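What follows is a short report on a single structure.
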Number of protein chains: 2
Amino acid sequence: MILKSQVEWALHCCAILSGLPEGRYLSTKALAELHGLPKEYLSKALQNLSQAGLVDTTLGPSGGYRLAKPPEQVTFLDVVEAVEGKARTFVCNNIRENNPCLPEKYCYSGPCAVARIMWEADEAWRDKLRRVTLSDLGRMLVQETPAALWKDTFDWVLDRAG
Amino acid sequence: MILKSQVEWALHCCAILSGLPEGRYLSTKALAELHGLPKEYLSKALQNLSQAGLVDTTLGPSGGYRLAKPPEQVTFLDVVEAVEGKARTFVCNNIRENNPCLPEKYCYSGPCAVARIMWEADEAWRDKLRRVTLSDLGRMLVQETPAALWKDTFDWVLDRAG
DNA sequence: CATATTAAGGATATATAATATCCCTATTGT
DNA sequence: ACAATAGGGATATTATATATCCTTAATATG
């Protein structure tokens, strides 16, 4: 069970979008080249962000993506769920209902204990992701990235943003 | 990102093994029929449990599987990791290193912030699973299963255990 | 000892999901 | 008018999950 690499892509793209000056957009092309990713496929991930309402888009030259909300209002969970979907990571197939000892008409009232426990763990994972925002990420990245590289990077992307 | 159904199978099988009388074994066949699962494929999951040291096995008629330790010493994480592997659910491909602004010889010192955050969430998931044991599960199942069905089920499996 | 039953594991087949590319359309800034 | 863009459909490729089959070695039982 491994998350799609699109999740990683989307998070890094959001990190860049978080640092973008007000009103500017970044194209798929720029984001793909910056991260060395396949443009067309990255585009699908960005479309997911758009459909989830996390980013605004605009067409034409100098078009592209920008965050739809301030970075402190976008959580990791928002991004992860936009790309991976909101379904739980554990699917209960109710195999207890195949028990040959089960009376014909018997119906279990709720989900079984196995599922409840697995879903609690899933929820703990989501909780953790919900507590980290893009602005938290931004602060961490600024701290661990050389200032010159950080500046060069934004000069580079803004140069490609028309 | 969805866990293999083998995880569900392994957990339900462990639940049954937890309730088994001392010294008895249950065969793949019995476990498969009890849960309505494909015997050969379930066998692969049980082999994973065996390789992880969670269950003991013995050959021949009346052979099969039993827990290798008391149920309170086997956690959900043990079972999940035996089947799914211990790898983290988020893989960092270091796409920041594709940044064209990155100086030639530059080398990042540690994993990037995105990976650290995702790995923390992964760890929260594992923590939760580590805190639930098979004996916890057993208590929950006993409570939510009609006593007669519970008894019938163990009579049924023990009948098939030689 | 002979036999039936079992786990282990290799080989292979099938189905589903992830990754990737291509192409067409409508929109928009220049 | 033109070039650049997002959106999205269709399709191809690769990887993973699911499933079956078969062989081997061990073992309880008659």
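All chains are named by letter (A, B, ...) in the order of the sequence lines, taking the proteins before the strands, and each is independently numbered beginning at 1. Computed from a prediction, not measured in an experiment: that's the story for all the values here. What you see below is based on every heavy atom in this structure, not just the backbone, and it leaves out hydrogens, waters and symmetry mates.
When distances run from any side-chain atom of E40(B) to the nucleotides dC23(C), dA8(C), dC22(D), the shortest one goes to dC22(D). The side chain of P38(A) lies closest to dT21(C) when the candidates are dG7(D), dT21(C), dT20(D).
Contacts between residues 46-54 of chain B and DNA chain D, defined by a heavy-atom separation under 4.0 Å, are absent. Within residues 24-37 of chain B, no residue is approached by DNA chain D to less than 4.0 Å at the level of any non-hydrogen atom.
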Going by atom type alone, with no hydrogens or angles, which donor-acceptor pairs under 3.5 Å involve a side-chain atom of residues 151-162 of chain A and a protein atom two or more places apart or on another chain?
unit_1: K151(A); atom_1: NZ; unit_2: D155(A); atom_2: OD2; d: 2.7
unit_1: T153(A); atom_1: OG1; unit_2: L149(A); atom_2: O; d: 2.7
unit_1: T153(A); atom_1: OG1; unit_2: N99(B); atom_2: ND2; d: 2.9
unit_1: R160(A); atom_1: NE; unit_2: W156(A); atom_2: O; d: 3.4

Only pairs under 3.5 Å count here: list side-chain donor-acceptor contacts from residues 34-56 of chain A, not counting sequence neighbours, and write none if there are none.
unit_1: H35(A); atom_1: ND1; unit_2: L31(A); atom_2: O; d: 3.0
unit_1: S43(A); atom_1: OG; unit_2: Q47(A); atom_2: NE2; d: 3.1

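Hydrophobic clustering of Ile, Leu, Val, Met, Phe, Trp and Tyr side chains at less than 4.5 Å, counting indirect connections, unites L67(B) with L77(B).
Every residue two or more places apart in sequence or in another chain that forms a side-chain hydrogen bond (donor to acceptor under 3.5 Å, both in side chains) with S135(B) is listed here: T133(B). Applying the salt bridge (charged side-chain N to carboxylate O under 4.0 Å, His left out) criterion to D122(B), with sequence neighbours excluded, gives R126(B). Listed by chain and number, the residues in a side-chain contact (heavy atoms from CB on, under 4.5 Å) with V142(B) are W150(B) (sequence neighbours excluded).
Residue pairs satisfying the side-chain hydrogen bond (donor to acceptor under 3.5 Å, both in side chains) criterion with at least one member in residues 58-72 of chain A, sequence neighbours excluded, are listed as follows: Y25(A)-R66(A). Every pair passing side-chain hydrogen bond (donor to acceptor under 3.5 Å, both in side chains) that includes a residue from residues 139-149 of chain A is listed here, sequence neighbours excluded: D136(A)-R139(A), E144(A)-R116(B).
Evaluation of atom-type donor-acceptor distances gives a pair under 3.5 Å for the side chain of K44(B) against the base of dG10(C).
For the pair L17(A) CG and dA6(D) P, the interatomic distance rounds to 11 Å; values are reported in whole Å. For the pair R160(B) CZ and dT6(C) C1', the computed distance is 16 Å after rounding to whole Å. When the C1' atom of dA18(C) is taken as reference, atom CD of E8(A) falls 15 Å away, rounded to whole Å. Between I95(B) atom CD1 and dT19(C) atom P there is a gap of 13 Å when expressed in whole angstrom units. If you measure from atom CH2 of W9(A) to atom P of dT19(C), you get 7 Å, rounded to the nearest angstrom. The CG-C1' distance, from L42(A) to dG7(D), rounds to 14 Å in whole Å.
With rounding to the nearest 0.5 angstrom, the CH2 atom of W125(B) is 5.5 Å from the CE atom of M118(A). Atom CG of D127(A) is separated from atom CD of E120(A) by 11.0 Å, given to the nearest 0.5 angstrom. From E97(A), atom CD reaches atom CG of N94(A) across 4.0 Å, with rounding to the nearest 0.5 Å.
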Indicate for each nucleotide in nucleotides 24-30 of chain D, in 5' to 3' sequence, whether protein heavy atoms under 4.0 Å reach the base (B), only the sugar-phosphate (S), or nothing (-).
--BBB--
In 5'-to-3' order, the base (B), backbone-only (S) or no-contact (-) status of each nucleotide in nucleotides 11-17 of chain D, using a 4.0 angstrom heavy-atom cut-off, is ------S
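Of the charged side-chain nitrogens involved, at least one lies within less than 4.0 Å of a carboxylate oxygen, so that E123(A) and R130(A) count as a salt-bridged pair.
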Applying side chain to side chain contact (heavy atoms under 4.5 Å, CB included), run through V7(A) and M1(B) and close with a yes or a no.
CA-CA 11 Å; V7(A) 169; M1(B) 185 192 64; over 6 Å; no
Start with the C-alpha distance between S5(A) and N93(B), add both sets of side-chain angles, then the distance that settles side chain to side chain contact (heavy atoms under 4.5 Å, CB included), and finish with yes or no.
CA-CA 8 Å; S5(A) 49; N93(B) 295 112; 4.2 Å; yes
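In this structure, W119(B) contributes its side chain and R88(B) its backbone to no donor-acceptor pair below 3.5 Å.
Residue K29(A) qualifies as open at atom NZ: its count of foreign heavy atoms under 6.0 Å is 12 or below.
Direction of the helix axis in the helix from dC1(C)-dG30(D) to dT30(C)-dA1(D) shifts by 20° between the two five-pair termini, rounded to 10°.
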